[in-house]
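Structure record follows, encoded as structure tokens.
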Amino acid sequence: MRKKLEGNGLWESSRMMLPEHKVAINEHEAVLRRRQRVELDEQEWEHVARSVTESLQQRQQIKLRLFHPIEELTVIGIVDRVDQLKGRFMVDGEWFPIGDIEGAVIEE
Amino acid sequence: MAVEQQSGTSSPGRIIMLADCQSFYASVEKAEHPEYRDLPLVVAGDPERRSGIILAACPIAKSFGVTTAERLGDSLAKCPDLVIIKPRMQLYIDVSMLITRIYQSFTDLVEPYSIDEQFLDVTGSLHLYGSPEELARMIQTRIQGELGIYTRFGIAENKILAKTACDNYAKKNASGIYILPKEGLPGTLWTLPVGKMFMVGSRMTRHFNAMGLETIGKLAETPLEKLKLMMRRKFGKNSDINAELYWRIANGIDDSPVRPGTHEVAPQSVGHMMTLPHDYGRLEDIKVVLLELTELVCQRCRGKGYMGHVVSVGCMGADYDRPSGFSRQMKMMDPSNVTNQVYRAAVELLLRHWDGRPVRKVGVSLSQLSTDDEYQLSLFDPHREKTMALERATDAIKRKYGDATIVRAVSITPAGQAQHRSKKIGGHYK
């Protein structure tokens with residue numbers, strides 16, 4: 001009962017929504033939340049390339065932000081291999097596409 | 001700075017709109033059928049039956065005295081030339097979503113409140129468009145032009161005042177737009193009879209009148225503590241919250257946000273209920289419907305990734321004057337969303353509580369929900385993995401091709417309702 005007086009309670013307890021309408025709203029909201037790819041400029045790419053190389057050659061831990069349509073995706077670890085031909089890199093035994101990288105930081 | 005000057009005259013803070021579509025279902029049908037533009041039109045539950053009810057009436061039909069929720073036969077008596085249209089619920093949902101998208105092109109804070117009413121918080125984007133009234137007019141013109149639907153706007157500093165402004169003023173004035181400033185309440189809202197207030201129905205109106213609170217203003221000016229005492233005398237000591245709710249509504253106090261993600265909250269329970277086309281008196285027949293409902297409930301739970309621990313079953317008799325039937329629940333051994341497991345529990349409840357009298361309405365629901373990424377391995381059901389794989393496959397087929405494409409064999413017996421039900425939304429045809 002108390003909920004009616006808090007937050008959005010008055011409106012959530014009094015509305016009339018068809019379940020099918022709610023589903024449509026939630027699907028639409030999910031589409032709106034889809035993330036767009038971040039386009040990196042030349043300078044940012046250079047920074048990413050330098051960080052990845054540093055991690056690969058000096059066994060430094062790196063934190064990479066990757067594109068994912070829904071989630072916030074971060075890969076943390078040491079770059080083991082870089083496969084320029086297939087456009088991918090390996091961190092802790094797992095391959096990731098180089099094109100998905102949105103940012104990189106070498107962890108101290 | 002220019003922005004602040006423009007909105008500076010009204011009260012500071014948020015600017016909320018409640019946008020409402022006039023005779024929504026009827027307007028959608030008129031836009032779809034331009035040939036009926038100047039004729040009285042209604043959307044009615046079941047046009048073949050005179051006892052079907054009016055879901056929506058266009059303004060022309062209303063001018064003949066036709067009202068929403070009355071029986072079709074009564075409307076025809078008032079207006080014999082009425083154009084009667086079967087509801088198409090899926091279309092109305094689609095159009096409502098198109099309207100949501102139009103609102104979202106003006107502000108990202110849009111909260112659908114029902115199929116034809118949505119809240120908009122335009123505080124942050126108003127400076128792009130001018131005054132609140134200009135913005136409302138812009139949206140109104142766009143929806144009229146693109147979809148042929150007339151929208152009305154109540155505008156105020158919070159949701160309750162926006163809703164009130166729309167219901168009591170915007171729906172009645174020529175422009176369809178009304179701004180209700182909080183300072184203006186004594187001269188406007190407070191002069192109205194208490195029955196015009198949001199959340200006050202005919203019964204509550206009688207109660208307030210008996211307390212001497214005939215107008216919204218009288219209710220608003222009663223000190224909250226006094227109102228609580230007055231309501232306690234009538235409704236017992238649990239009425240404090242309602243007293244505060246009515247008091248806040250009367251005074252236009254509401255700090256609820258316009259919350260776009262509001263429909264994503266985890267449900268308390270997932271349930272389905274069905275009114276049967278005729279009385280079911282045989283156990284086998286009731287069991288068929290029970291299985292169909294259980295399947296629907298479990299299907300929805302699986303789709304959302306929930307399992308339920310408590311099963312409830314309700315049956316209601318046909319005679320509304322002498323109510324019969326039951327509504328009981330039981331806890332299963334483990335949470336589940338497997339149809340057969342939940343059905344076993346539902347049948348157990350039915351066998352235990354059904355008194356053998358004819359049944360007209362059946363409902364099944366699952367509550368105490370938990371997520372289904374972890375579940376208890378069962379010693380007693382070695383086929384669980386297999387059943388779950390089967391259900392995943394049938395659910396996928398249904399999602400892609402419709403609920404009626406794959407049903408249980410009992411659903412094609414005369415008692416089965418699944419095929420029929422899959423054609424409907426909210427009890428009306430898609």
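In what follows, chains are A, B, ... by sequence order, proteins preceding strands, each numbered from 1. Bear in mind the structure is a predicted one, so any value in this text is a computation, not a measurement.
Annotation: the span from B:R101 atom CZ to A:L32 atom CG amounts to 8.0 Å, rounded to 0.5 Å. The distance from the OG atom of A:S14 to the CG atom of B:L245 is 9.0 Å, given to the nearest 0.5 Å. The distance from atom CD of A:E20 to atom CG of B:D94, rounded to the nearest 0.5 Å, is 11.5 Å.
Residue A:N8 comes nearest to B:P257 through the heavy atom pair OD1-O, 3.4 Å, listed as atom of the first residue, atom of the second, then distance. Residues A:N26 and B:H263 share a closest heavy-atom pair of ND2-O, 3.1 Å.
Looking at A:E12, the atoms closer than 4.5 Å to chain B (heavy atoms on both sides) all sit in the side chain, from C-beta outward. Looking at B:D254, only its side chain comes within 4.5 Å of chain A, counting heavy atoms on both sides. There is no contact between B:Y92 and chain A, counting heavy-atom distances below 4.5 Å. Both the backbone and the side chain of A:I25 come within less than 4.5 Å of a heavy atom in chain B. Only the side chain of B:K163 comes within less than 4.5 Å of a heavy atom of chain A; its backbone N, CA, C and O stay farther away.
In this structure the side chain of B:K159 never reaches within 4.5 angstrom of the side chain of A:L10, judged on heavy atoms.
Within 6.0 Å of atom CZ in B:R232, more than 12 heavy atoms from other residues, nucleotides or ligands are found, so the atom counts as buried in its surroundings. A:R59 CZ: more than 12 foreign heavy atoms inside a 6.0 Å radius. Around NZ of B:K398, the count of heavy atoms belonging to other residues, nucleotides or ligands within 6.0 Å exceeds 12. Crowding of A:E6 atom CD: a count of heavy atoms from other residues, nucleotides or ligands under 6.0 Å exceeding 12.
In terms of modelled atom types and a separation under 3.5 Å, the side chain of B:R259 and the main chain of A:G7 share no donor-acceptor contact.
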Stepwise side-chain contact (heavy atoms from CB on, under 4.5 Å) check, B:E111 with A:R15
CA-CA 11 Å; B:E111 176 185 331; A:R15 70 188 169 205; 4.2 Å; yes
Given the rule in the side-chain contact (heavy atoms from CB on, under 4.5 Å) test, do A:E29 and B:E264 qualify, once you have shown the distances and angles that lead to the verdict?
CA-CA 9 Å; A:E29 293 277 327; B:E264 276 166 51; 3.6 Å; yes
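With no hydrogens or angles considered, a side-chain donor-acceptor pair links B:Q104 and A:H28 at under 3.5 Å.
Relative orientation of the B:F119 and A:W11 rings is perpendicular, given thresholds of 30° and 60° on the angle between their planes.
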